[in-house]
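Single-structure report; data block below.
Along the sequence shown, residues carry numbers from 1.
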Amino acid sequence: MPGCPDMGVLVRSPILARDRILIMSELGKESGLAAIGVSEANSGRCASWQARYDADMIDAKPETIKAEAADLRSLASALTGYTISVDHGRISALWLWRSDQAPLLVTSDSRDIVFKFEVFTLAIQAPLYPTLRESEQEAVGRAVKWPFFEWRVDVLWIRDWSIPIEALPDGWYSSSKDRFFGQVPAGAEHTCLVAKALLFTGADGSRLIIDQGEMPLDLYVTTDPKFINQAISDAMLMPLDRYLEGAVPTVGDDMLEAR
(Lines give C-alpha, C1' and ligand atoms only; values in the text may rest on other atoms or scores of the structure.)
Protein backbone atom coordinates (compact mmCIF):
# COMPACT_ATOMS: atom_id res chain seq x y z
CA MET A 1 0.00 0.00 0.00
CA PRO A 2 1.47 3.41 -0.91
CA GLY A 3 2.74 5.34 2.10
CA CYS A 4 3.00 2.25 4.31
CA PRO A 5 6.27 0.56 5.34
CA ASP A 6 6.87 -3.10 4.46
CA MET A 7 6.15 -5.49 7.32
CA GLY A 8 9.17 -7.70 6.63
CA VAL A 9 10.15 -11.11 5.27
CA LEU A 10 11.79 -13.91 7.26
CA VAL A 11 14.72 -15.59 5.52
CA ARG A 12 16.77 -18.52 6.87
CA SER A 13 20.39 -19.31 6.05
CA PRO A 14 20.60 -22.54 4.00
CA ILE A 15 23.87 -23.55 5.72
CA LEU A 16 23.61 -22.31 9.30
CA ALA A 17 20.11 -23.50 10.10
CA ARG A 18 19.83 -21.61 13.39
CA ASP A 19 20.88 -18.31 11.83
CA ARG A 20 18.08 -16.06 10.77
CA ILE A 21 17.84 -12.75 9.01
CA LEU A 22 14.81 -10.55 9.08
CA ILE A 23 14.87 -8.06 6.24
CA MET A 24 12.59 -5.07 6.47
CA SER A 25 12.26 -1.74 4.71
CA GLU A 26 11.13 1.51 6.22
CA LEU A 27 9.76 4.34 4.11
CA GLY A 28 12.00 7.39 4.30
CA LYS A 29 15.04 5.56 5.71
CA GLU A 30 18.19 6.20 3.71
CA SER A 31 19.35 2.61 4.18
CA GLY A 32 15.98 1.14 3.25
CA LEU A 33 16.70 -2.25 4.84
CA ALA A 34 17.68 -3.70 8.17
CA ALA A 35 18.78 -7.20 9.10
CA ILE A 36 18.28 -9.05 12.34
CA GLY A 37 20.01 -12.33 13.07
CA VAL A 38 21.26 -14.87 15.57
CA SER A 39 24.67 -16.42 15.23
CA GLU A 40 26.52 -17.82 18.23
CA ALA A 41 28.44 -21.03 18.78
CA ASN A 42 30.93 -22.88 20.90
CA SER A 43 31.40 -20.79 24.03
CA GLY A 44 34.65 -22.58 24.86
CA ARG A 45 36.48 -20.65 22.14
CA CYS A 46 35.59 -17.24 23.59
CA ALA A 47 38.66 -16.78 25.77
CA SER A 48 41.18 -17.35 22.99
CA TRP A 49 39.50 -15.21 20.33
CA GLN A 50 40.88 -11.69 19.83
CA ALA A 51 37.78 -9.50 19.77
CA ARG A 52 37.44 -6.28 17.88
CA TYR A 53 35.73 -3.33 19.48
CA ASP A 54 33.15 -1.15 17.78
CA ALA A 55 32.49 1.98 19.81
CA ASP A 56 29.22 2.61 17.97
CA MET A 57 27.63 -0.72 18.90
CA ILE A 58 25.04 -0.60 21.70
CA ASP A 59 24.65 -3.56 24.07
CA ALA A 60 21.10 -3.78 25.38
CA LYS A 61 20.37 -5.15 28.84
CA PRO A 62 20.03 -8.96 28.94
CA GLU A 63 16.54 -10.33 28.39
CA THR A 64 15.55 -13.14 30.75
CA ILE A 65 12.75 -15.67 30.99
CA LYS A 66 9.49 -14.23 32.30
CA ALA A 67 8.74 -16.46 35.30
CA GLU A 68 8.63 -16.56 39.07
CA ALA A 69 11.81 -17.92 40.63
CA ALA A 70 9.86 -20.62 42.48
CA ASP A 71 8.28 -21.83 39.25
CA LEU A 72 11.67 -22.01 37.53
CA ARG A 73 13.15 -23.85 40.50
CA SER A 74 10.35 -26.43 40.34
CA LEU A 75 11.44 -27.39 36.80
CA ALA A 76 14.36 -29.30 38.29
CA SER A 77 12.29 -31.75 40.32
CA ALA A 78 8.49 -31.39 40.18
CA LEU A 79 7.60 -32.21 36.56
CA THR A 80 5.42 -35.25 35.82
CA GLY A 81 4.38 -34.69 32.20
CA TYR A 82 3.75 -32.22 29.40
CA THR A 83 1.17 -31.42 26.74
CA ILE A 84 1.94 -29.67 23.46
CA SER A 85 -0.70 -27.22 22.20
CA VAL A 86 -0.81 -27.00 18.41
CA ASP A 87 -2.57 -24.20 16.54
CA HIS A 88 -2.79 -24.47 12.74
CA GLY A 89 0.27 -26.70 12.56
CA ARG A 90 2.44 -24.60 14.89
CA ILE A 91 3.32 -25.19 18.54
CA SER A 92 1.76 -22.20 20.26
CA ALA A 93 2.19 -23.32 23.88
CA LEU A 94 3.31 -26.09 26.18
CA TRP A 95 1.74 -27.27 29.43
CA LEU A 96 4.11 -28.60 32.08
CA TRP A 97 2.37 -30.71 34.70
CA ARG A 98 3.72 -30.76 38.26
CA SER A 99 3.18 -33.37 40.95
CA ASP A 100 2.00 -31.18 43.81
CA GLN A 101 1.57 -27.75 42.25
CA ALA A 102 -0.48 -26.00 39.60
CA PRO A 103 0.62 -26.64 36.00
CA LEU A 104 2.80 -24.19 34.13
CA LEU A 105 2.01 -22.71 30.72
CA VAL A 106 5.06 -22.04 28.52
CA THR A 107 4.87 -19.65 25.57
CA SER A 108 7.28 -17.61 23.46
CA ASP A 109 7.63 -14.01 24.64
CA SER A 110 8.77 -11.11 22.45
CA ARG A 111 10.76 -8.10 23.66
CA ASP A 112 11.24 -4.89 21.67
CA ILE A 113 14.84 -3.70 22.06
CA VAL A 114 14.82 -0.77 19.65
CA PHE A 115 12.74 0.05 16.58
CA LYS A 116 12.68 -3.06 14.36
CA PHE A 117 14.92 -5.10 16.67
CA GLU A 118 12.89 -7.74 18.52
CA VAL A 119 14.17 -10.73 20.49
CA PHE A 120 12.37 -13.80 21.84
CA THR A 121 12.56 -15.58 25.17
CA LEU A 122 10.12 -17.76 27.14
CA ALA A 123 7.21 -16.89 29.40
CA ILE A 124 6.32 -19.45 32.08
CA GLN A 125 3.36 -18.97 34.37
CA ALA A 126 0.82 -20.84 36.45
CA PRO A 127 -2.92 -20.23 35.83
CA LEU A 128 -4.38 -17.31 37.76
CA TYR A 129 -7.54 -19.25 38.64
CA PRO A 130 -7.86 -22.22 41.04
CA THR A 131 -9.41 -24.79 38.68
CA LEU A 132 -8.55 -25.73 35.10
CA ARG A 133 -10.84 -24.58 32.34
CA GLU A 134 -12.38 -27.04 29.87
CA SER A 135 -9.61 -26.64 27.28
CA GLU A 136 -6.96 -27.21 29.93
CA GLN A 137 -8.73 -30.28 31.28
CA GLU A 138 -8.63 -31.63 27.72
CA ALA A 139 -4.88 -30.94 27.67
CA VAL A 140 -4.47 -33.07 30.80
CA GLY A 141 -5.95 -36.01 28.91
CA ARG A 142 -3.31 -35.63 26.18
CA ALA A 143 -0.40 -35.37 28.58
CA VAL A 144 2.83 -37.24 27.80
CA LYS A 145 4.67 -38.73 30.75
CA TRP A 146 7.78 -36.78 31.74
CA PRO A 147 10.65 -38.72 30.13
CA PHE A 148 13.12 -38.46 33.02
CA PHE A 149 13.24 -39.88 36.54
CA GLU A 150 16.11 -37.57 37.43
CA TRP A 151 17.30 -34.65 35.33
CA ARG A 152 19.14 -31.35 35.24
CA VAL A 153 18.03 -28.09 33.64
CA ASP A 154 20.12 -25.63 31.64
CA VAL A 155 19.17 -22.23 30.27
CA LEU A 156 20.33 -21.54 26.70
CA TRP A 157 21.68 -18.03 26.10
CA ILE A 158 22.32 -16.45 22.72
CA ARG A 159 23.63 -13.04 21.69
CA ASP A 160 21.18 -11.56 19.23
CA TRP A 161 22.12 -8.60 17.02
CA SER A 162 20.90 -6.10 14.43
CA ILE A 163 22.73 -4.56 11.48
CA PRO A 164 21.86 -2.43 8.44
CA ILE A 165 21.65 -4.80 5.49
CA GLU A 166 24.20 -2.82 3.49
CA ALA A 167 26.70 -3.26 6.35
CA LEU A 168 26.33 -7.05 6.62
CA PRO A 169 29.72 -8.58 5.69
CA ASP A 170 29.77 -10.57 2.46
CA GLY A 171 29.42 -14.28 3.05
CA TRP A 172 28.21 -13.99 6.64
CA TYR A 173 25.32 -16.38 6.07
CA SER A 174 26.88 -18.53 3.37
CA SER A 175 30.07 -19.24 5.30
CA SER A 176 30.38 -22.71 6.82
CA LYS A 177 32.97 -21.51 9.36
CA ASP A 178 31.99 -22.21 12.95
CA ARG A 179 31.25 -19.14 15.02
CA PHE A 180 31.38 -18.98 18.78
CA PHE A 181 29.03 -17.60 21.40
CA GLY A 182 29.00 -13.82 21.49
CA GLN A 183 30.35 -13.29 17.99
CA VAL A 184 28.49 -10.77 15.84
CA PRO A 185 29.22 -9.29 12.40
CA ALA A 186 31.33 -6.19 12.07
CA GLY A 187 28.99 -3.23 11.71
CA ALA A 188 26.36 -4.55 14.14
CA GLU A 189 24.44 -1.66 15.67
CA HIS A 190 22.77 -3.38 18.62
CA THR A 191 23.28 -6.62 20.53
CA CYS A 192 21.31 -8.32 23.26
CA LEU A 193 21.98 -11.38 25.41
CA VAL A 194 18.81 -13.46 25.47
CA ALA A 195 17.84 -16.45 27.61
CA LYS A 196 15.91 -18.13 24.81
CA ALA A 197 15.39 -21.81 25.70
CA LEU A 198 15.45 -24.58 28.30
CA LEU A 199 17.31 -27.88 28.01
CA PHE A 200 16.44 -30.89 30.19
CA THR A 201 18.98 -33.72 30.41
CA GLY A 202 18.24 -37.07 32.03
CA ALA A 203 20.67 -39.24 33.99
CA ASP A 204 21.05 -41.46 30.91
CA GLY A 205 22.00 -38.50 28.70
CA SER A 206 18.68 -38.24 26.86
CA ARG A 207 17.45 -34.69 26.38
CA LEU A 208 14.37 -32.54 25.78
CA ILE A 209 14.47 -28.93 24.65
CA ILE A 210 11.92 -26.11 24.76
CA ASP A 211 13.17 -23.63 22.16
CA GLN A 212 12.02 -20.84 19.89
CA GLY A 213 10.34 -21.94 16.66
CA GLU A 214 11.04 -20.90 13.08
CA MET A 215 8.43 -18.15 13.17
CA PRO A 216 7.92 -15.50 15.86
CA LEU A 217 6.04 -16.70 18.96
CA ASP A 218 6.22 -20.37 17.91
CA LEU A 219 7.96 -23.03 19.99
CA TYR A 220 10.00 -26.14 19.28
CA VAL A 221 9.56 -28.95 21.82
CA THR A 222 11.57 -32.02 20.90
CA THR A 223 13.84 -34.85 22.02
CA ASP A 224 15.44 -35.10 18.57
CA PRO A 225 19.24 -35.27 19.11
CA LYS A 226 20.05 -33.62 15.76
CA PHE A 227 17.92 -30.58 16.50
CA ILE A 228 19.20 -30.30 20.06
CA ASN A 229 22.83 -30.54 18.98
CA GLN A 230 22.27 -27.72 16.49
CA ALA A 231 20.47 -25.60 19.07
CA ILE A 232 23.17 -25.89 21.72
CA SER A 233 25.96 -25.28 19.22
CA ASP A 234 24.57 -21.76 18.87
CA ALA A 235 24.25 -21.10 22.59
CA MET A 236 25.91 -20.90 25.97
CA LEU A 237 24.42 -23.37 28.47
CA MET A 238 23.96 -22.14 32.02
CA PRO A 239 22.85 -24.42 34.90
CA LEU A 240 19.47 -23.41 36.27
CA ASP A 241 20.79 -22.74 39.76
CA ARG A 242 23.37 -20.28 38.36
CA TYR A 243 20.66 -18.60 36.32
CA LEU A 244 18.49 -18.22 39.42
CA GLU A 245 21.43 -16.52 41.16
CA GLY A 246 21.20 -13.81 38.51
CA ALA A 247 24.24 -14.83 36.46
CA VAL A 248 24.50 -13.75 32.82
CA PRO A 249 27.07 -14.83 30.21
CA THR A 250 30.29 -12.86 29.84
CA VAL A 251 31.42 -12.04 26.33
CA GLY A 252 34.25 -9.63 27.19
CA ASP A 253 34.72 -6.83 24.70
CA ASP A 254 32.25 -6.46 21.86
CA MET A 255 32.97 -9.51 19.70
CA LEU A 256 32.91 -8.64 16.03
CA GLU A 257 33.54 -10.91 13.10
CA ALA A 258 36.56 -9.61 11.20
CA ARG A 259 35.68 -8.40 7.73
Side-chain angles (χ1 to χ4, degrees), residues 18 41-44 64-87 90-109 120-133 135-158 181 194-213 218-249:
R18 297 302 297 162
N42 220 339
S43 60
T64 56
I65 296 169
K66 180 181 179 181
E68 297 292 334
D71 288 334
L72 284 175
R73 194 169 289 110
S74 75
L75 299 180
S77 60
L79 301 180
T80 60
Y82 65 93
T83 302
I84 294 173
S85 295
V86 178
D87 182 14
R90 51 180 283 270
I91 298 179
S92 57
L94 174 74
W95 284 101
L96 294 174
W97 309 104
R98 299 186 287 182
S99 55
D100 56 355
Q101 302 174 66
L104 295 172
L105 182 64
V106 184
T107 56
S108 179
D109 188 44
F120 297 88
T121 180
L122 298 174
I124 304 174
Q125 58 185 343
L128 300 177
Y129 33 86
T131 57
L132 295 179
R133 294 177 295 187
S135 62
E136 291 149 5
Q137 292 174 356
E138 182 272 335
V140 174
R142 295 188 294 106
V144 176
K145 183 180 178 180
W146 190 244
F148 315 116
F149 179 71
E150 294 180 342
W151 65 93
R152 72 172 187 270
V153 186
D154 291 292
V155 176
L156 274 66
W157 287 88
I158 62 168
F181 173 80
V194 185
K196 72 159 186 147
L198 291 167
L199 178 67
F200 301 84
T201 304
D204 62 354
S206 57
R207 297 170 297 179
L208 181 147
I209 196 170
I210 305 171
D211 198 359
Q212 303 300 317
D218 287 357
L219 294 175
Y220 270 132
V221 181
T222 184
T223 59
D224 177 47
K226 183 177 180 180
F227 177 89
I228 293 174
N229 288 339
Q230 181 62 56
I232 65 177
S233 74
D234 300 294
M236 175 179 284
L237 273 64
M238 177 178 289
L240 181 62
D241 56 352
R242 287 281 293 134
Y243 178 84
L244 288 169
E245 291 170 358
V248 295

Evaluate the side-chain proximity of [Y] to [X]: yes if any heavy-atom separation is below 4.5 Å, no if none is.
X: Arg152; Y: Asp241; answer: no
X: Ile210; Y: Tyr82; answer: no
X: Trp95; Y: Pro127; answer: yes
X: Ile124; Y: Leu198; answer: yes
X: Leu122; Y: Leu219; answer: yes

On a heavy-atom basis, which atom in [X] and which in [Y] lie closest, and how many Å separate them?
X: Gln212; Y: Lys196; result: NE2-O, 3.0 Å
X: Ala93; Y: Leu105; result: CB-CD1, 3.8 Å
X: Ile65; Y: Ala195; result: CG1-O, 3.8 Å
X: Arg207; Y: Pro225; result: NH2-O, 3.9 Å
X: Ile158; Y: Ala235; result: CG2-CB, 4.2 Å
X: Pro249; Y: Met236; result: CB-SD, 3.4 Å

Between atom [atom1] of [X] and atom [atom2] of [Y], what is the distance when rounded to the nearest 0.5 Å?
X: Thr80; Y: Lys145; atom1: OG1; atom2: NZ; answer: 10.0 Å
X: Leu208; Y: Thr222; atom1: CG; atom2: OG1; answer: 7.5 Å
X: Leu72; Y: Leu104; atom1: CG; atom2: CG; answer: 8.5 Å
X: Leu96; Y: Gln101; atom1: CG; atom2: CD; answer: 12.0 Å
X: Lys66; Y: Thr107; atom1: NZ; atom2: OG1; answer: 8.0 Å
X: Trp146; Y: Leu79; atom1: CH2; atom2: CG; answer: 5.0 Å

Residue pair Ile91, Asp218: steps toward the side chain to side chain contact (heavy atoms under 4.5 Å, CB included) verdict: CA-CA 6 Å; Ile91 298 179; Asp218 287 357; 6.0 Å; no
Please check if the distance between the ring centroids of Phe200 and Phe148 is under 6.0 Å.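 Between Phe148 and Phe200, which both carry aromatic rings, the centre distance is not below 6.0 Å.
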Sort out for me which residue in Thr121, Leu237, Val194, Thr64 forms a side-chain contact (heavy atoms from CB on, under 4.5 Å) with Trp157.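 That would be Thr64; it is the only one of Thr121, Leu237, Val194, Thr64 passing the side-chain contact (heavy atoms from CB on, under 4.5 Å) with Trp157.
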Looking at Ile228, Asp224, Asn229, which one forms a side-chain contact (heavy atoms from CB on, under 4.5 Å) with Lys226?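 Running side-chain contact (heavy atoms from CB on, under 4.5 Å) over Ile228, Asp224, Asn229 with Lys226 returns exactly one hit, Asp224.
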May I ask you to decide if Leu75's main-chain N or O and Trp151's side chain share a donor-acceptor pair within less than 3.5 Å?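 It does hold such a pair.
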Is the number of heavy atoms from other residues, nucleotides or ligands within 6.0 Å of CZ (Arg90) greater than 12?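 Result for CZ/Arg90: enclosed.
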